[in-house]
Q: 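Mind looking over this structure? Questions follow.
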Amino acid sequence: MAEDVKVRVIPLLCPECGRSLPAGEHDVIFHCADCDLAVEIEDGKLARRELRHLAGQGEVRLPFWIFPFRVDSSEGSVRTVPEYRLLAGVVATGSDAERSGPPLLFVPACSFATTPLHVRAGRLLTLQQPVLAVDRSKPVGIEPIVFREPDARIMGQSILLATVTVERKRNRLFLEGFSGSLGKGRLATIPFADRGGKLYHAGMNLEL
Amino acid sequence: MSAGISAVISCPQCGSPFDFREGSRNGLCQSCKTSLAVWGESGVARFSIEERIDLARARVEARKFLATAGVDPRVAEKLRFEGGELCFLPYWSIRALATGWRWLEKETLVREEVIDDNGCKSIVERRGPNEQQFETVASPIDHSSPAFDPSAYGLRGIAVAGAVLSLKLMDHEALSRRAKVFDPVKSAAQARQEALAAWKKLRPSGTLRCMERVDLCGERLALISYPVWKLTFAAGDRIYPVVVDAVNGRILKARFPGSSVIRLWQPMAAILLLSSAFFLHPAAGIASAVLFLGWFRSVHGSSLAALAAFFARLVERKDDIEHG
């Protein structure tokens, strides 16, 4: 037999205050709103996970995995934001034009109503390459986190490719040589304003 | 995804039972309001489904099946019940999201309006230029597959979707005391590959070429042990196995003796023909015997044993009745 399959039931208690952490059926990372602490299960034990909150206006905080990335394809390597903008066929606007360093991939860690919406959210944020400041205040509530970092890495590949121009994606040779290398992922929440069921980020002028 | 089946587990904080749905990661203890995560080693939770029918009922179900499966009632009456064993068979249950991308080259059809010499219009379909298409894949998968060789048991998958069955956390020792518990021989990696392969088969029609990179994410993996009764019946010196679903009493796999027929016409006709021919003339008799042997050789072979059986074994049993 390949795997040992003993089952354990683990109480989800905050390691700081000892209170029971709210947990949905499919949540993988649990957030204590009082201590602003995130934990996940690693090897059958609760382990802390760094969670940052990015600044902005809005009452709905969506969790995202943010990965620095590099792309290799038949057209060459992409290592900077300007190179990525060329690959994606987008034009830089405002202050973001001067952004330096590796481009960032945004993968939603929460679930959306439909999977195309999930891909769309990651695609739009990645195309924006926003520069967001960290917010030190405690958030009121965070949307449930249902994707771990390894899952986000898998999903990240298709989100990354979704940002590339349509003409390139129809080219079989381009797709064969396409590979995205993702760096260490960071978990962060981004605030959005609820506008009658649609989520809006004023700083990025982005509607999900 | 399907509704899933619920399991009864004890809360480690207060000891109260709490409901846990297979396919979920977490549950809430209604007594002490503690959130609980169910975690299996290697990320795999193992459950078992309680049997709902006992050995006596399984035998009754097998007997009922005998009455409807075309088994000769005289043969059925002679069948002796030899024994029965409760078995727990392991099945992988995978719920995940197939994520990635797919490039397809598809053939297209072009409809053209054609006017013939008489001025009649008709629509003609022609093959158009091939179309290249790219799509992002994000598709839920709910897959169940046996973690053992199912050929001897006839149960290829368990209906997890929509079923309302009580699941228990697997207690291997306790279960082994009263039943034969099968361990999985198929690894989780193989089950994943099967789930992905099953999904990949669902390609759109008209696909000429396909290139894809799809992987599973958000995976919830469980091993569920399903109960079956393995019964044996004997007729003469032969043993016949019957596998009965221990949840709903359905016959999953069975083999029973076929009915017996008395075969008189062929040997009687041969004897009559040969004796009449010899009575008429010895040469006619020899010619008839040669013709008979030629026919016999082409149908039954040339062994003496087959010839003896042709004349001596007047009761012939038909092939066994197989089910599942």
Q: Rounded to the nearest 0.5 Å, how far apart are CD of Q132(B) and NZ of K169(A)?
A: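 Here the rounded value is 15.0 Å.
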Q: Which bit of P150(A) comes within less than 4.5 Å of chain B, counting heavy atoms only: side chain, backbone, both or neither?
A: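 Contact with chain B: none, neither part.
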Q: Hey, what do you get for CG (L21(A)) to CG (L36(B)), rounding to the nearest 0.5 Å?
A: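 Spacing of CG (L21(A)) from CG (L36(B)) equals 11.0 Å.
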Q: Taking atom OG1 of T34(B) and atom CD1 of I10(A), what is their separation to the nearest 0.5 Å?
A: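 CD1 of I10(A) is found 14.0 Å from OG1 of T34(B).
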Q: Among E176(A), H118(A), R19(A), which residue has the highest count of heavy-atom pairs closer than 4.5 Å to chain B?
A: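 It is E176(A).
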Q: Say you draw a straight line from CG of N26(B) to CZ of F30(A); how long is it, rounded to the nearest 0.5 Å?
A: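 If we round to the nearest 0.5 Å, N26(B):CG and F30(A):CZ are 4.0 Å apart.
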Q: Are there more than 12 heavy atoms of other residues, nucleotides or ligands under 6.0 Å from atom CD of E125(B)?
A: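 Enclosed.
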Q: Are the side chains of I41(A) and R25(B) in contact, using a 4.5 Å heavy-atom criterion?
A: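 No; the side chains remain at least 4.5 Å from each other.
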Q: Is it the backbone or the side chain of T136(B) that comes under 4.5 Å from a heavy atom of chain A, or both, or neither?
A: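 T136(B) touches chain A through side-chain heavy atoms alone.
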Q: Out of Q133(B), K33(B), R209(B), E105(B), return the one with the most heavy atom pairs under 4.5 angstrom to chain A.
A: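 Result: the option with the highest number of such pairs is R209(B).
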Q: Taking atom CZ of R111(B) as the centre, does the number of heavy atoms from other residues, nucleotides or ligands within less than 6.0 Å exceed 12?
A: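 Not buried by this count: 12 neighbours or fewer within 6.0 Å.
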Q: What part of R172(A) is in contact with chain B, defined as an atom under 4.5 angstrom from a non-hydrogen atom: side chain, backbone, both or neither?
A: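 Contact with chain B: backbone and side chain both.
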Q: If you count heavy-atom pairs under 4.5 Å between each of S35(B), A138(B), G218(B), A147(B) and chain A, which one has the most?
A: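 Option with the greatest count: S35(B).
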Q: So for atom NZ, which belongs to K200(B), do other residues, nucleotides or ligands contribute more than 12 heavy atoms lying within a distance under 6.0 Å?
A: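 Enclosed.
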Q: Which of the residues L216(B), L28(B), T99(B) is involved in the greatest number of heavy-atom pairs with chain A at under 4.5 angstrom?
A: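 Between L216(B), L28(B), T99(B), the count favours T99(B).
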Q: Please flag which part of L175(A) lies under 4.5 Å from any non-hydrogen atom of chain B: side chain, backbone, both or neither.
A: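 Its backbone and side chain both get close to chain B.
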Q: Is it the side chain or the backbone of L104(B) that comes within 4.5 Å of chain A heavy atoms, both, or neither?
A: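 Contact with chain A involves no heavy atom of L104(B) at all.
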Q: Near R49(A) CZ, under 6.0 Å, is it more than 12 heavy atoms from other residues, nucleotides or ligands?
A: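 Atom CZ in R49(A) is crowded, with more than 12 foreign heavy atoms closer than 6.0 Å.
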Q: Starting at CG of L13(A), measure out to CD of Q13(B) and round the result to the nearest 0.5 Å.
A: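 Rounded to the nearest 0.5 Å, the CG-CD separation comes out at 5.0 Å.
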